[in-house]
Amino acid sequence: GESVGLHLPTLSVQEGDNSIINCAYSNSASDYFIWYKQESGKGPQFIIDIRSNMDKRQGQRVTVLLNKTVKHLSLQIAATQPGDSAVYFCAENIETSGSRLTFGEGTQLTVNP
Amino acid sequence: NAGVMQNPRHLVRRRGQEARLRCSPMKGHSHVYWYRQLPEEGLKFMVYLQKENIIDESGMPKERFSAEFPKEGPSILRIQQVVRGDSAAYFCASSPPQSYATNEKLFFGSGTQLSVL
C-alpha cells in the first residue's frame with residue numbers, strides 16, 4: 001500500500017505487505033530528515049534518519065528515500081506487522097540551526113491481520 | 001536509564017487558570033525542546049532551552065506562554081490564563097550537548113494532554 005502526498009492521511013495494508021508512506025517537505029534548505037512513529041497516547045519514536053547528501057538509507061525492515069529535486073521523502077516498511085500500526089511523521093531540520101524540527105502532518109498506518 | 005519524563009500526563013484546567021507542565025530530560029541531556037500537537041496534526045516547535053538559557057523561542061506565542069529550564073530541577077512550560085484553544089498535547093524532547101558535526105536525535109517524552117474547560 002502507498003499513501004499519496006499529504007492529502008491522504010490514512011493508509012491501510014494487509015499484514016505482510018510492504019507499506020510506502022510519502023512526505024513532501026517544505027524547506028529546500030533542509031539537510032536532515034527523520035521519520036518518527038507515534039502510537040496512540042505516546043510521544044514520537046525515532047525510526048530512521050537521512051542526510052541530504054544521501055538518497056537512500058536502510059534500517060531494519062525500513063528504508064528511507066530522499067528526492068531533493070522534488071522535495072520528497074518516503075518511508076518504506078517491509079513485511080508490515082500489526083505492531084507497525086501508528087501515525088508516521090516526517091520531520092526536517094537544518095543542521096546548523098540546531099535540533100529544531102519541522103514536522104509534517106502525519107499518516108495513519110493501519111495494518112490488518 | 002529513564003527516558004524523558006513528563007508530568008502530569010493529563011491536566012484539566014478551567015478558562016483563566018494557569019497550567020504548569022514539567023519535563024525532566026534524559027540523564028546527561030542538557031537541551032530541552034517543547035512541542036505542541038493539536039489533534040490530527042503534526043508537532044509544532046515552541047521553544048528550545050539549555051540550562052538557564054532560552055536558545056530559540058520563535059515558536060512560542062507572544063503572550064501567556066513562558067518556559068524555563070533552571071539549573072536544578074525540571075523544565076517548566078507555563079501557560080497563564082488558559083483558553084480553550086490551548087487544549088493540546090504538549091511534548092518535551094531532550095538531546096545531549098550539541099555538536100554540529102552530528103545531529104543528535106531527539107528523545108521525546110509521552111506528553112501532557114492539556115484540556116481546558
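Naming: A, B, ... by sequence-line order, numbering from 1 per chain. Remember, predicted model here, so these are calculated numbers, not experimental data.
To the nearest 0.5 angstrom, Phe89(A) atom CZ is 9.5 Å from Glu41(B) atom CD. Rounding to the nearest 0.5 angstrom, the gap separating the CG atom in Leu101(A) from the OH atom in Tyr48(B) is 11.5 Å.
Within a 6.0 Å radius of NZ in Lys51(B), other residues, nucleotides and ligands contribute more than 12 heavy atoms. Surrounding CZ of Arg61(A) are more than 12 heavy atoms belonging to other residues, nucleotides or ligands, all under 6.0 Å away. Counting non-hydrogen atoms of neighbouring residues, nucleotides and ligands closer than 6.0 angstrom, the CD atom of Glu15(A) exceeds 12 such neighbours.
Side-chain contact between Phe91(B) and Lys42(A): absent, with no pair of heavy atoms (C-beta onward) separated by less than 4.5 Å. Contact annotation: the side chain of Gln38(A) approaches that of Leu43(B) to within less than 4.5 Å [non-hydrogen atoms, C-beta and beyond].
Connection of Val47(B) to Ile55(B) is not established within any shared hydrophobic cluster, with ILVMFWY side chains joined at heavy-atom distances below 4.5 Å, either directly or through further cluster members. Two different hydrophobic clusters hold Phe65(B) and Val83(B) under the rule that ILVMFWY side chains link at heavy-atom gaps under 4.5 Å. Linking Ile, Leu, Val, Met, Phe, Trp and Tyr whenever their side-chain heavy atoms come within less than 4.5 Å leaves Leu65(A) and Tyr32(A) in two separate clusters.
In this structure, Phe103(A) has its ring center under 6.0 Å from that of Tyr35(B). Aromatic rings of Tyr36(A) and Phe108(B) (six-membered ring for Trp) have centroids within the 6.0 Å cut-off, being under it.
No other option in Gly41(A), Gly43(A), Pro44(A) has as many heavy-atom pairs under 4.5 Å with chain B as Pro44(A).
Interface remark: Gln113(B) contributes no atoms to any contact with chain A (heavy atom separation under 4.5 Å).
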